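Heads up, the thing below is written out as structure tokens.
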Amino acid sequence: MAAEDPRPLGNAAIAKRLASLAQLMAIRKENPFKVRAYRRAAARIRSVAESLEQMVHDGGDLTRFAGVGEGVAAAIREIVLTGSLAKLERLREESPTGAAGIGDYPRLDLRRVLRVYKKLGIDSIEELRERLESGAIERQFGARMAQHIAQGIDEPRAMLLYHADALQAALEAFILDDAAVKRVEAAGAWRRRVEIVEDLVFLVETDDFPALARRVQRFGGDTPLVAQASGRATFKLAAGILLHLCHEDPAHWGLGLIRCTGSGPHLRKLHAITGSFRELAASPESFADEAAVYARFNLDYIEPELREGRDEIERAGSHSLPTLVTAADIMGELHAHSTSSDGAHSIQDMAGAARDRGYRYLGMTDHSQSLKIARGVSVADLWAQIRFIDNLNERLADFRILKSSEVDILEDGSLDYPDDLLAELDYTVCSIHSRFGLGRDAQTERILRAMDNKHFNILGHATGRLLLKRPGYEIDIGRLVDHAKQAGCFFEINSSPDRLDLSAEYARIAALAGVKIAVSTDAHSTREFPLIRCGIDQARRAGLEKSSVINCLPWEDLARLFRRA
DNA sequence: GCCGTTTTCGGCCCGACTGTTTTCAGTCG
């Protein structure tokens, strides 16, 4: 016993075993739903605050975690009680050379890796890494494959803000549970609402910081401490991102919160005005909150979403910061799908849910005819849908369903419906769903041509990016913004947590040029309307005011904007 | 293996398009 590693069995280690099992089962082409179940469970476990090991010893109910049923619970118990998982060990032994190694890299797609193995005549992750670094994989298999391997071979170091929200809440509750902790506030990129975060930062006030640092190491069973200094500690979370704790006393809370919130560029510009925070902290003045710090230097309070080191400090000095748009300003939804195409709920149900949120209108933007996989609506069916919505609207008071479509922009820049049909719609959202590989110039030309159609109103998810998955096609945002401005077109901030497209940077460029933006959810079910908050976060990071967001307008005003000459 | 306003079974996106890794696997929502 004495020689054994005293480290507790963390949830990350348990999740890793389950993910490896899934990977090896996939190699053997076992039931793909079973494989997915193990993968899902592993992912869920990585953000659980309690120690699963402890729960097993205490006889706790593991199945209360979504995605963990009797089967996975039994596997977790086996891992905790015996230190291994018999099925995993067996599959490892039975797996062909090379395949077993892939089991340790659950983010690698097996079929792709095995193809690379075969073609290059290799059979280990080490050789795979070598070929990746030498550029052999990119040369022989292309950039996409190289990117996939690079992503899968390294530990994840970032997560979507949307997923980080739950982890942040779990951590905050865990920290507050410490009796010595008097106050805790989340800072960092999470507070600035950056769409992808690589760490979570908490500012804490406590009587015993070292004790808190010890306690946090038990989050999720085992959260290793990777660095420590006076009043600061850094941990590696099971989800792959880092956790920073910073101690601060009440008199300097505002200074600490600004410092921990960042960003680096914001702080550098700020320090040029304020001098070092260290000296401020040494002065007898109190900086109990952030506003006090900014005010001391005649700066207005700067919302965290704006702290990226652009022009926010100058504007705070000239008292001309924007009044950022909020979710409460949104009057309606302009991008949503129903069962007419690939949505989960009927037009009536979607409208009911939108109305329950207090919206005044909902645009039904089902996919257009070319997008077969999403059950794109045929010309005849869209005519029928137009009449159907007209009928519904006659029976609705104080709410309007807008006749629309998410119209595919075809490869030649034409729109996916004839003009006489488009003319019957209240407005259109036009998007690219195919031929992502055209290249920057061709893609830009394609969209410019589409904008020349007078029935084009809003450009949907302008770059097609999927965060942490796919970079999106390149566009010349400057040309598109100019053209949109001239033609009277608008952009969209798509609120899907893995899109958030336009980016804050592009949205800012559009808004500065006077091109207004729709903040939309792209909801495929009634449950997705609340995702608007993710798009609002992005809009705020772009510095957008209510006046720059078209769906902050009542429909009557919006209708005028959509009528192009 | 998980799940349930479809609840103890039967689903769990899927199917057309694309193209060079070339006739199947990757990709799009």
Side-chain angles (χ1 to χ4, degrees), chain A residues 18-19 21-22 25-26 30-45 62-76 78 85 87 109-120 131 136-149 335-346 349 352-353 365-378 405-411 416 429-438 460-461 463-466 469-473 494 496-499 501 520-528:
Chain A
L18 296 178
L21 177 61
M25 284 167 66
E30 290 192 27
N31 182 346
F33 297 111
K34 224 183 253 197
V35 172
R36 197 191 304 162
Y38 277 112
R39 287 203 174 123
R40 248 199 332 250
R44 175 69 186 94
I45 285 170
L62 299 168
T63 64
R64 71 183 169 84
F65 301 114
V68 178
E70 279 310 320
V72 172
I76 293 172
E78 187 187 337
L85 187 57
K87 180 163 184 188
D109 180 73
L110 286 165
R111 285 176 307 175
R112 288 203 249 185
V113 174
L114 290 176
R115 214 164 79 233
V116 173
Y117 275 15
K118 197 169 161 190
K119 189 117 181 174
L120 298 180
R131 305 300 169 97
I137 291 184
E138 172 147 13
R139 275 195 305 280
Q140 268 191 280
F141 300 92
R144 273 201 128 115
M145 176 70 96
Q147 194 200 1
H148 168 73
I149 306 266
H335 188 164
H337 299 265
S338 74
T339 45
S340 297
S341 62
D342 60 348
H345 296 112
S346 69
D349 288 348
T365 53
D366 280 302
H367 287 290
S368 62
Q369 53 184 343
S370 288
L371 203 64
K372 306 286 188 208
I373 182 165
R375 298 197 301 277
V377 180
S378 70
S405 169
E406 183 177 11
V407 187
D408 261 58
I409 299 172
L410 303 179
E411 185 174 1
D416 196 22
V429 175
C430 301
S431 310
I432 283 181
H433 292 121
S434 61
R435 304 303 311 272
F436 278 32
L438 282 186
H461 46 70
T463 75
R465 73 175 182 178
L466 290 180
K469 264 190 227 146
R470 177 177 87 192
Y473 43 82
N494 188 296
S496 304
D498 62 347
R499 285 193 184 272
D501 182 13
S520 304
T521 60
D522 201 353
H524 281 66
S525 83
T526 55
R527 293 180 299 270
E528 290 173 24

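As the structure is a prediction and not an experimental result, all values here were calculated from the model. Below, each value reflects all heavy atoms present in this structure, side chains not excepted, and no hydrogens, waters or symmetry copies. Reminder, nothing fancy here: chain letters follow the sequence lines and each chain counts from 1.
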- Query: With a 4.0 Å cut-off on heavy atoms, is A:R39 in touch with a base, just the backbone sugar-phosphate, or nothing at all?
  - Reply: nothing
- Query: What is the pairing partner of B:dT8, taking Watson-Crick or G-U wobble pairs with both distances under 3.5 Å in any strand?
  - Reply: none
- Which of the following nucleotides, B:dC12, B:dC2, B:dG29, is nearest to the side chain of A:V72? B:dC2
- Message: If you define the side chain from C-beta out and look only at heavy atoms, does anything of A:R465 sit under 4.5 Å from A:R499?
- Response: no
- Task: With heavy atoms under 4.0 Å as the rule, sort A:R44 into base, sugar-phosphate or nothing.
- Result: nothing
- Message: Please report the distance separating the C1' of B:dT20 from the corresponding atom of B:dC13, rounded so that it comes out in whole Å.
- Response: 28 Å
- Any side-chain heavy-atom pair of A:S405 and A:D366 under 4.5 Å: no
- Query: Does a side-chain heavy-atom distance below 4.5 Å link A:Q369 with A:V377?
  - Reply: no
- Determine the Euclidean distance between corresponding P atoms of B:dG15 and B:dT8; express it in Å to zero decimal places. 26 Å
- Message: Using the C1' atom as the point on both nucleotides, what is the distance between B:dG26 and B:dT22, in whole Å?
- Response: 13 Å
- Query: Looking at A:R470, does any N or O in its side chain come under 4.0 Å of the phosphate oxygens OP1/OP2 on B:dC28?
  - Reply: yes
- Query: Is the shortest side-chain N/O distance from A:K372 to OP1 or OP2 of B:dA16 below 4.0 Å?
  - Reply: no
- May I ask you to verify if any side-chain N or O of A:R435 is less than 4.0 angstrom from the OP1 or OP2 atom of B:dC28? no
- Item | Distance between C1' atoms of B:dT27 and B:dT21 (Å, rounded) | 14 Å
- Verify whether the ring centers belonging to A:H433 and A:H461 lie closer than 6.0 Å. yes
- Query: With a non-hydrogen cut-off below 4.0 angstrom, is A:R375 in contact with a base, only sugar-phosphate, or nothing?
  - Reply: nothing
- Message: With rounding to the closest Å, how many angstrom separate the C1' atoms on B:dT18 and B:dC12?
- Response: 27 Å
- Message: Need one value for A:A66: base, sugar-phosphate or nothing, where a base atom within 4.0 Å counts as base even if backbone is also close, heavy atoms only.
- Response: sugar-phosphate
- Item | Nearest-Å distance for atom pair CD/P, residues A:E528 and B:dG29 | 14 Å
- Message: Both A:S370 and A:H367 contact DNA chain B. Which one's nearest nucleotide lies toward the 5' end?
- Response: A:S370
- Note on the structure: In whole angstroms, the gap separating C1' of B:dG1 from OH of A:Y38 amounts to 7 Å
- Query: A:L62 and A:A73: which non-hydrogen atoms are nearest, and at how many Å?
  - Reply: CD1-O, 3.7 Å
